[in-house]
Amino acid sequence: MASLRVLAVALLMGATALAQSYGVGRTPTAEEIKAWDISIGPTGEELPEGKGTVREGAQLYRSKGCAGCHGANAVDGKAPILKSKAPPNADVWARGRILPLRAPHATTVWDYINRGMPLNREGTLTPDEVYSLTAYLLFINDVIKEDEVLDATTLPKVKMPIGTDYASLPDWKPKTPRLKGYLAEVAPKQKQQ
């Protein structure tokens, strides 16, 4: 993870230097780079201080306008649903494409809310609000209990329903089809067109 950050900073600095050589742009400050570096990994070591509860998350879901896109019950909005309509004992893959169920790590849910919500006001939520909304979404999908408090220590320890059953990368070797049978099925159809 650290090597990727170093590479990203090096690329950013190189692009900045190139732009400046043409009289465009400026070198970003250390504070600006820190503000852009918001990736949260599975271990949660990058998580900020803060905490949140299910109760606070439920209130924020209404007050921040989440219900306007995702629906009052998180299942009936125009945006993707956030709560499975299937029973909790159904196989996780049968419960739908729901981030709080299919994410391999609870930190992924936190990271997505922090980066991408609310729509057109991304990045405006405080860490406490993101922890609370994450707690609420995990609770309504039966991942955590109602009385749990999420913070930088507890969030990475949440056991996600998908466990280790998330999609792994397929075995692949250079100069071979990426999917077995792909060329046998697609190539004849492409010749017909």
Side-chain angles (χ1 to χ4, degrees), residues 1 5 31-168:
M1 192 70 126
R5 284 193 177 145
E31 294 81 27
E32 289 171 327
I33 292 173
K34 186 178 179 190
W36 296 327
D37 184 18
I38 60 172
S39 295
I40 306 297
T43 63
E45 63 190 73
E46 308 88 354
L47 285 166
E49 300 243 347
K51 65 180 176 146
T53 66
V54 172
R55 179 177 287 154
E56 293 164 344
Q59 291 171 345
L60 286 166
Y61 186 83
R62 290 186 297 276
S63 68
K64 292 291 183 177
C66 306
C69 294
H70 297 283
N73 299 316
V75 296
D76 53 0
K78 294 185 188 282
I81 65 172
L82 299 173
K83 180 180 188 260
S84 178
K85 295 177 185 178
N89 60 350
D91 179 72
V92 72
W93 291 101
R95 292 177 71 186
R97 292 188 63 172
I98 314 242
L99 180 65
L101 294 173
R102 294 255 187 113
H105 311 284
T107 55
T108 303
V109 179
W110 195 99
D111 185 60
Y112 185 81
I113 294 169
N114 186 53
R115 286 173 185 274
M117 294 293 135
L119 185 64
N120 295 324
R121 294 186 325 273
E122 296 87 349
T124 60
L125 298 171
T126 67
D128 286 345
E129 290 172 331
V130 179
Y131 281 115
S132 296
L133 287 166
T134 302
Y136 177 66
L137 294 181
L138 293 174
F139 168 71
I140 65 173
N141 284 287
D142 299 313
V143 178
I144 65 170
K145 295 179 179 150
E146 189 171 10
D147 61 349
E148 288 190 48
V149 176
L150 294 184
D151 59 27
T153 303
T154 59
L155 181 67
K157 294 176 183 174
V158 171
K159 298 290 182 215
M160 297 302 285
I162 201 147
T164 58
D165 195 26
Y166 49 89
S168 60

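Counting begins at 1 with the first residue of the sequence.
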Mind listing the closest non-hydrogen atom pair of [X] and [Y] along with its distance?
| X | Y | answer |
| --- | --- | --- |
| A106 | T134 | O-CG2, 4.4 Å |
| P42 | P156 | O-CB, 4.0 Å |
| G52 | S132 | CA-OG, 3.1 Å |
| A86 | S84 | N-OG, 3.1 Å |
| I40 | T107 | CG2-CB, 3.9 Å |
| I140 | L82 | CD1-O, 4.2 Å |

Among L138, V92, I98, side chain to side chain contact (heavy atoms under 4.5 Å, CB included) partner for P161 = V92
Kindly compute the distance separating [atom1] ([X]) from [atom2] ([Y]), expressed to the nearest 0.5 Å.
| X | Y | atom1 | atom2 | answer |
| --- | --- | --- | --- | --- |
| L101 | I162 | CG | CD1 | 8.5 Å |
| L155 | K51 | CG | NZ | 15.0 Å |
| L133 | Q59 | CG | CD | 11.0 Å |
| L137 | I113 | CG | CD1 | 5.0 Å |

Start with the C-alpha distance between V54 and E148, add both sets of side-chain angles, then the distance that settles side chain to side chain contact (heavy atoms under 4.5 Å, CB included), and finish with yes or no.
-> CA-CA 7 Å; V54 172; E148 288 190 48; 5.9 Å; no
Ring pair (Phe, Tyr, Trp, His ring centres under 6.0 Å): pairs with one or both residues in residues 109-138, sequence neighbours excluded = Y61-Y136, W110-Y131
Side chain to side chain donor-acceptor pair (under 3.5 Å) partners of [X], counting only residues at least two apart:
| X | result |
| --- | --- |
| T53 | E56 |
| D128 | none |
| T43 | E45 |
| N141 | none |

If you look only at pairs with a residue in [range], which of them pass as a salt bridge (charged side-chain N to carboxylate O under 4.0 Å, His left out), with sequence neighbours excluded?
| range | value |
| --- | --- |
| residues 61-70 | K64-E129 |
| residues 106-122 | D111-R115 |
| residues 86-100 | none |

So do C66 and L60 actually touch side chain to side chain, heavy atoms under 4.5 Å?
-> no
Any pair counted as side chain to side chain donor-acceptor pair (under 3.5 Å), so long as it reaches residues 154-163, sequence neighbours left out = D151-T154
Salt bridge (charged side-chain N to carboxylate O under 4.0 Å, His left out) filter on K83, not counting sequence neighbours, yields none
Residues two or more places apart in sequence or in another chain: which of them pass salt bridge (charged side-chain N to carboxylate O under 4.0 Å, His left out) with R55?
-> none
Check side chain to side chain contact (heavy atoms under 4.5 Å, CB included) between A79 and all other residues, then give those that pass, not counting sequence neighbours.
-> C69, H70
Backbone of G41 reached by a side-chain donor or acceptor of E46 within 3.5 Å = yes
Apply side chain to side chain contact (heavy atoms under 4.5 Å, CB included) to the pair V109 and V158, showing each step before the final yes or no.
-> CA-CA 11 Å; V109 179; V158 171; over 6 Å; no
